[in-house]
Each structure stands twice: as structure tokens, then as C-alpha cells.
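Below is one structure, written out as C-alpha cells, with a few remarks after it.
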Amino acid sequence: MIVHPELRRAARRARRPLFAATVLHGAVTLTHLAQAALLALALARLAAGHTGSLAWLLAAVLAVVAVRAALGTWQRRTATRAGAEVRVGLRDELLAHLGGLGPAYLTTARAGAVRTTLVDGVEGVDAYVSRYLPQLLVTLTVPPLVLTALAVVEPAVLLGLVPALLLALFGPRAWDRLLAARGKEHWDTYEGLGADYLEALQGMPALRAAGAVGRTRARLEERSAALHRATVAKLRVSLVDTGITDLAIQGGTAAAALLACWSAVSGSTTATGTYLVLLLASECFRPVRDLAREWHAGYLGVSAADGIAALRTAEPSVRETGDVQAAPAHRSTPPELRFENVWFTYDGVAEPTVRGVSFTAPAGRTTAIVGPSGAGKSTLLALLLRHHDPQAGRIALDGRGTTEHSLDALRRGIAVVSQDTYLFHATVADNLRMARPGATDDELTAAARAAGVHDEIAALPDGYATVLGERGATLSGGQRQRLALARALLADAPVLVLDEATSAVDERREADIVRELLKAAGHRTVLVIAHRLAAVRHADRIVVLDGGRVDAVGDHAGLVDAGGVYARLVEAGRTHPGELAA
Ligand code: ATP
């Protein structure tokens, strides 16, 4: 019965409506008690043959029923509103926190499991907070009141009711620890299944290519069966719970009835008293019965509480160190970008991935970073965007360290274009406006034209209003890249990064695309993370990275003449066109 701290915290978000919902719930319960009392009076009159005031009493019962219906509707509405406040607030907080955790978090946590926590877990918290908690408070207050009233009428019935109530409320608690363990097991299996399905759906092309669809299906089936087993195991325990509660309720009511009959026969109470005892005894158990029902509704919230707490308190890999209040750096001149003796080691990896990297990307020029696979190019980009912070050295924009900018301003000032760019299941225009929600149609077309993708968008069935398939599946790799560039141009960030990570186009075409992109980039500081060489030979400056160190810096001709790593890469590219190999 102890409320999980995470759920208490969630309830505090909607203190007022929850309080109102609880008070209304109490009022609904009181109407049940009033009805029982009125019926007891009516029955006693009937038994005694006094039918005079019977009509009034029955009218009063009907009035109580009508009042209850109105109060019940009001209560449900208030509780739903309270639940919605909790749900929306919690989801917003978790999403904002997830945003702060950044992509680094999702490389270690499984996206499907996070989704399950965010969607199903939060729904469970809503049910727990808006339905179970008010019921719990009513259950803890109403039965003692009824018992006090009954003690005045006929103290002997307490002998039957008190032990039964205690057993109904606390008996199942003996199973709590087992239920919590089974519940956790069930939730973990559920989360795992969600994550597996998401991965299987997203990775379908890869699974098909590897001929692993059958094996994956078998694994998913096994996972489903495990979930079934976990559900049954949990149900078995909670059925014992329900069984004990029911037994106590039935036993208590029967005992109270017997005691009432005995008191009637022995003449220790009046006829009204006997009927009151009979009817109120069963009212005494109503909140307990309802509590058992709401417990099942809110149970998911209890199971998910640990997951929600873990997500909410997960530490971001970088801390906000900049001035959050400062307006995002928006200026007319592009900044100079400088890496100063940067060292970085990934968590849990023995050797540093970046070893004392220093170079300058001049303002308004194009600098390419090249190097064999695994040299650390993408890691440098992750450091620039502060997905991680280097252990030593610093990265500066116009002399101001990246840690001095607020994370939001920093990331808004650097637009990244890659084929990985996520396109949402929304219209082309919506996807573009993500960068600048207030952009006019003219600004959209201007950006699309500059990125060389306007004609292709215009040729789509609904032009800019065409809804893109999930992950932009209806566009080619190059089109997606150019759409991403249009988005980056709209964002008007002074630094543009072209990450050629997963190139789906041939090398010649890629070189053309990069040339077009660079032309469109205009007056910006551009960094090209090049995984192939053809794209970068025209860069103003090329930084050659090898094994996490800067091997050389220069332009294409100079580097070829110097005959180092770069020359070898060019030679390898000639003999094996395509991906760079070490
Ligand atoms: P490619 O051209 O193949 O994309 P790259 O030059 O971009 O390679 P990085 O992705 O920066 O190389 O990787 C550099 C090294 O860091 C690799 O050895 C890689 O295994 C390692 N690495 C990358 N990401 C992580 C991570 N999250 N945790 C641990 N090690 C990582």
C-alpha cells in the first residue's frame, strides 16, 4: 500500500484536481451510505406495518440515486482531467529530459523500451494516480466511519467486521513482494518485446538481406511466449490476492448478518438497527472491493514506475554549462572553428579515440576531414555538437569554447546534413518547417531551390504537401540529402556540417551533390566529414585524420605531393573505387 515515490511525484503535478476527485469520490460513497440508511428505515417501517412515510422515504432514495449519478459523472470528469494533467506533464518532462540526454543515450538504451515507458508506462501512471489513489484514500477513511456508526448501533457486529476488513486490506499485502517481483518481470519482458518488434520492423531490409527473417520470427515468437508466461505468473499471484479479498468480504458480510440476526432475536437492538447493520455492513466493504478493481487498472503504473524513474533521472553525458538565457548566436558573419589539442576516450574503452587533435576551420571556408574508416571523423562531429565532451583540450567557435554556449544555442548554430537525416511521416513542407516553424511558402521554395531540390519536390504528387513515407522512404538518398540541406539552409545556422556517412549514391554523383551543396551553402563555415575522397578535393583545406591523430593538413595537390596517408588513400580510391579502406 506504500505509494512508489515516482508515482507520488507524478500525483503532485495535479494536486488540486486530484484532491477534488477524491472529495467527490468520498461524496459518492456517502450517497451509498445515505441510501443504505434510508432503505433500512423504509424496511423497518414496512416490517412494522407503518406505511405512512414510506413514499417519502422511497422518494428520498430516488433523489439520492439521482444525486449520486450527477456526482459520479462530475467525479469521473475531474479524475480524467487530473489524469490527463499528470500524463501530459510527465510525458513532456520525460521527452524534454530525453532531448537533453541526446543521441548518446539512445545508443545505449533501446528505442523500443524507451517508447514503451513513454507511452504505456505513462498511461499506467495516469490510471494509478487518477483512479487508484482517490479510491485508496476513500478506502482508508470511509470504512472506519461506518464502523464507528455501527458501533453506536450494535457494538457486537464489530467482532465480525473488523477482522474481515483487516484481512481484506492487509491479507493480500503478504503477497506484495512476490507480486512486485512478478510485475517487474512482466514489465521487463513487455519492454523487451516492444524493443524487439521495433528493431525487427526497422531492420527488416537488413534481416531480409541476411536471410534472417525466419530466425527473427522464431525469436519474436519465443519472446511473445515468454510474455505470456510472465503474464500468467503475475495473474496467478494477483488472483490469490483477489481471492483473499473476496473471501474476507463474503465472510465478513455473512458474519455481520449472523450477528445482526442474533441481536434481533436477543432483542438487544431495534428493528431499524438490525436493518442498518445488515445494509451498512455490506457498504463497509464496497470501497475495499472497488480498491481491488482499481488496483488492477493502475497496476501497470506501479510496474512502470522504476523504468520512468530511471529515464527521468538518467544522467546526460554532457552537462549544460553555457548561459541558457543568452540568445542563440545569430550573426551575419560565419565563425572560425578551432579544435585545440582535443583528447577523447569513449566510456568503457581503454584507448583514446581522439588523440590531441588540433586544426582550424577558417571562417566562411570549406574544411574537409578525411581519413580511413575508424579514424575518428564521426567522433569529432559528436564532440563538436557536444554529444560527448572531450576529456582534455577544447573546441571553440570564434574563440568561445563550445561549453560556454548553451546546448540549445550551440546545436541550433550548427546545421548537420547527412543521409541519415530523419524525415518525419509528414508533408515535405512540415519537414522543412521543422527548422523554422514561421517560414513562409516563399522562404521554403527559396531554400529548396538553393539546395537544388525544388523541381523534384514540385514533381511529387502533391508538391510540398506530399506526405513522406516513414523515414523518407519515398525519396532517393540524394533527394533526402538535398531536402536535409534545404532544412539546414532554412535554419540559417552559421556553421554547416555535411556528414557523408551512409552514402547511397555512386562516387561521381556524390561529388556532384557535394559541389552543389557547397555552392548552396553560401557564406557559411562548412565542415565536410568525408568518408570518400572524390567529394573533397575542392575543399579549401583538408585535415587528414589517422588513428585519432591529425596526420596532415593542406589542400588536395599539396597533400598528394607530400605522399602521406592522404596520397595512399587517393591511390586506394583509384584501384578500389567506393568506400575508403584502411
Ligand atoms: P567511418 O568512416 O567508418 O564512419 P569514422 O572515422 O567516422 O569511421 P568513428 O565513427 O569516429 O570513425 O569511430 C572511431 C572509433 O571509435 C572506432 O574505433 C569506433 O569503434 C569507436 N567508437 C565509435 N563510437 C563509439 C561508441 N559509442 N562507444 C565506443 N566506441 C566507439
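Atoms within each ligand, like the ligands themselves, are counted from 1 in listed order. Positions are given from 1, in the same order as the sequence printed here. Just so you know, these numbers come straight off a predicted model, no measurement behind them.
Shown in contact with T379 at under 4.0 Å from a heavy atom are these atoms of ligand 1, numbered in order with element: 9 (P), 11 (O), 13 (O), 14 (C). Heavy-atom proximity to T353, at under 4.0 Å, picks out these atoms of ligand 1: 14 (C), 15 (C), 16 (O). Close approach of ligand 1 to G376 is summarised as follows: ligand atoms under 4.0 Å from at least one heavy atom of the residue are 5 (P), 6 (O), 9 (P), 11 (O), 12 (O), 14 (C). Of all atoms in ligand 1, listed by their number and element, those nearer than 4.0 Å to a heavy atom of A375 are 6 (O), 12 (O).
Between the CZ atom in R394 and the OG1 atom in T403 there is a gap of 7.5 Å [rounded to 0.5 Å]. Atom CZ of residue F344 and atom CG of residue L380 lie 10.5 Å apart, to the nearest 0.5 angstrom. For the atom pair K234 NZ and E185 CD, the distance stands at 11.0 Å (nearest 0.5 Å).
Residue G374 has at least one nitrogen or oxygen atom sitting less than 3.5 Å from a nitrogen or oxygen atom of ligand 1, judged on distance alone.
By the 4.0 Å heavy-atom criterion, G371 is excluded from the residues contacting ligand 1.
Ion pair D546/R549 not flagged as a salt bridge, since none of the NZ, NE, NH1 or NH2 atoms sits closer than 4.0 Å to an Asp/Glu carboxylate oxygen.
With contacts defined as side-chain heavy-atom distances shorter than 4.5 Å, the pair R87/R13 does not qualify.
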